[in-house]
Protein chains: 2
Amino acid sequence: MPDSDPHGHGHGDRLAPVLRPVRAGNGFEEALEQILQIVRLGLVPGGERLPAERELAQRLRISRVTLREVLKVLQDQGLVESRRGRYGGTFVRARAEAAGATGGAALRRRVEGVDIEDVLRFREVLEVGAAELCAAHGLSGARAGLLREALARTQDAPLAEYRRLDTLLHLTLAELSGSPTLTAQYAAVRSTVNDLLDCIPLLVRNLEHSQRQHTALVEAVLTGDADGARGAMREHCAGTAALLRGFLT
Amino acid sequence: MPDSDPHGHGHGDRLAPVLRPVRAGNGFEEALEQILQIVRLGLVPGGERLPAERELAQRLRISRVTLREVLKVLQDQGLVESRRGRYGGTFVRARAEAAGATGGAALRRRVEGVDIEDVLRFREVLEVGAAELCAAHGLSGARAGLLREALARTQDAPLAEYRRLDTLLHLTLAELSGSPTLTAQYAAVRSTVNDLLDCIPLLVRNLEHSQRQHTALVEAVLTGDADGARGAMREHCAGTAALLRGFLT
DNA sequence: CGGCAAAGGTATGAACGCGTAACCTTTAAA
DNA sequence: TTTAAAGGTTACGCGTTCATACCTTTGCCG
């Protein structure tokens, strides 16, 4: 008889999925994670600034003191750079500069311990679901425009910006799904995926392939072809997944 | 020009999906939420006990003091009942007794402020995705057995237990998807769905319909029919969704 | 050229949340 | 009647976080 079930009540570890440790981190760590997300998702491109400290602290509902400790860490890792004076701010460093600062040690530290299968499957579920929701419910003119716009931006993207604009396209689709929870979860998982992608080479072949899939995907979504959208997205995700599974042991 | 973009950097509120307030609650509230999930999901059936305080505190990584404050609240709401002495413990009260205690005021409080569309869409995405993953990857003999078993239990369920066993069936499928993240997210969203379901009448008609869908779903999953599994699950979710949308304003 | 406004940089002290640790009390099985 | 295991209680202390104020830097605009 297992220790955890001394009374024979018979519900072995059914509680496991829910009974995870509370507070994965303190406020400081959570804030760090969120700002890392902004950077990894490319919501603020390299060279541009984050909101001012006072504003950022308010939005995260933490004190400026705590926020500054977070920024201190990011600066030590070479991910951001602060400039004083009016029109100063906290600027996101381009990936090239950033990698130079610590040799990517911080990235490797973040990536190890990630359950790749978990991430890839969860990602696929969210993306395929979002695509299907958008196609099935249809998009109003304005919303369709947003999607088309995001796609267009990826078409004529310089190589260094491709990852960022691709992320934005997918994030747009997630937002258009009409489920804020889905959007937030996608943002979280995608930021992890981007970390993984940073560990492997960027192949132009895959990139062109990606672009064709994006086009087909958006086409299907806009014409309300739910099956087509789902299929296109699944294939698209499978491509990335195969790539990552291949390179990461 | 909007206040939030004084420099014209042009990234309006792209940050919104990520920049939510840190620490939705303190440790106390997070723990409360998790134990509520256990109860709402029926992971511990009415009449049975939660793990002992000392063990529960360890698994949640909180102190016994904090845990006891959580249990105090749950007791005040009539959801659990403590018994002292050896072979005592914290027992989950059956829904009938629980409702009597506070007249369901606590339930109504939890339910208001829920974005129903968000919940229903997110739920559908997760469930359909889990079904497809299971069908596509195939289930080993042991795993297939778990699913069949969970289905069988819902077949001959007394009406009062149906909700609980249905939840367990769906949770099993989520676990079999092979993505712990998906499982955890499903647990969270399903506990909200159960709250919503508690606000509307239970119709035997729907229940029978549900059962047919469950059977078809499991059948499709076990034969590796991904399209069929997805379709069955989507229909199943649509049913619940229509019900909830109809009854809740 | 000088000042203003907005940004980051610094310092301090209090408040609060939470953990640790020890103890008491109850209870049913052995 | 003993005892083990459960809930009930208390006290103290530490680390995080907040609130607040103030200083310093710097570019634009009058």
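The figures that follow rest on heavy atoms only: side chains count, while hydrogens, waters and symmetry mates do not. Chain letters run A, B, ... following the sequence lines, proteins first and then strands; every chain starts at 1.
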Q: Please state whether the phosphate of dG8(C), meaning OP1 or OP2, lies under 4.0 angstrom from any side-chain nitrogen or oxygen of Thr90(A).
A: yes

In whole angstroms, the gap separating C1' of dT16(D) from CG of Leu60(A) amounts to 17 Å

- Query: Is a donor-acceptor pair below 3.5 Å formed from side chain Arg84(A) to base dT26(D), judging by atom type as modelled?
  - Reply: no

Whole-Å distance, Leu67(A) CG to dA7(C) P, equals 14 Å

To the nearest angstrom, the CD-P distance between Gln58(A) and dT17(D) comes to 19 Å

Testing dA6(C), dT20(C), dC18(D) for proximity to the side chain of Arg86(A), the answer is dA6(C)

Is the side chain of Gln185(A) donor-acceptor paired with the backbone N or O of Leu126(A) at a distance under 3.5 Å, no angle test?
no

With hydrogens left out and only the distance checked, is there a donor-acceptor pair under 3.5 Å joining Arg54(A)'s side chain and the base of dG8(C)? yes

**Prompt:** Cation over ring, Arg123(B) on Tyr186(B), under 6.0 Å and within 45°?
**Reply:** no

Tell me whether the count of non-hydrogen atoms from other residues, nucleotides or ligands lying under 6.0 Å of CZ in Arg110(A) goes above 12. yes

inquiry  = Under 3.5 Å, is there any donor-acceptor pair linking the side chain of Arg64(A) to the base of dG9(C)?
reply    = yes

Decide, yes or no, whether a salt bridge links Glu161(A) with Arg164(A) under the criterion of side-chain N to carboxylate O below 4.0 Å.
-> yes

Taken to the nearest whole Å, CD/Glu69(A) to P/dT16(D) is 9 Å

Side-chain atoms of Ala52(A) come closest, of dT17(D), dG7(D), dA7(C), to dA7(C)

Arg83(B) CZ to dT25(C) C1', in whole Å, measures 18 Å

Taking dA11(D), dT20(D), dG9(C) as options, the one with an atom nearest any side-chain atom of Glu53(A) is dG9(C)

From CG of Leu50(B) across to C1' of dA6(D) the rounded distance in Å is 13 Å

Taking only N and O in the side chain of Arg68(B), is any of them less than 4.0 Å away from OP1 or OP2 of dG8(D)?
yes

note: Asn26(A), atom CG; dC18(D), atom P; distance rounded to Å ~ 10 Å

Whole-Å distance, Phe28(A) CZ to dC18(D) P, equals 12 Å

**Q.** Pairing of Arg59(B) and Glu55(B) as salt bridge, 4.0 angstrom limit
**A.** yes

Query raised in the report: Are Ser82(B) and dA6(D) close enough that a side-chain N or O sits under 4.0 Å from OP1 or OP2?
Result: no

Name the nucleic acid region contacted by Leu71(B), choosing base, sugar-phosphate or nothing; use a 4.0 angstrom heavy-atom cut-off, strictly under.
nothing

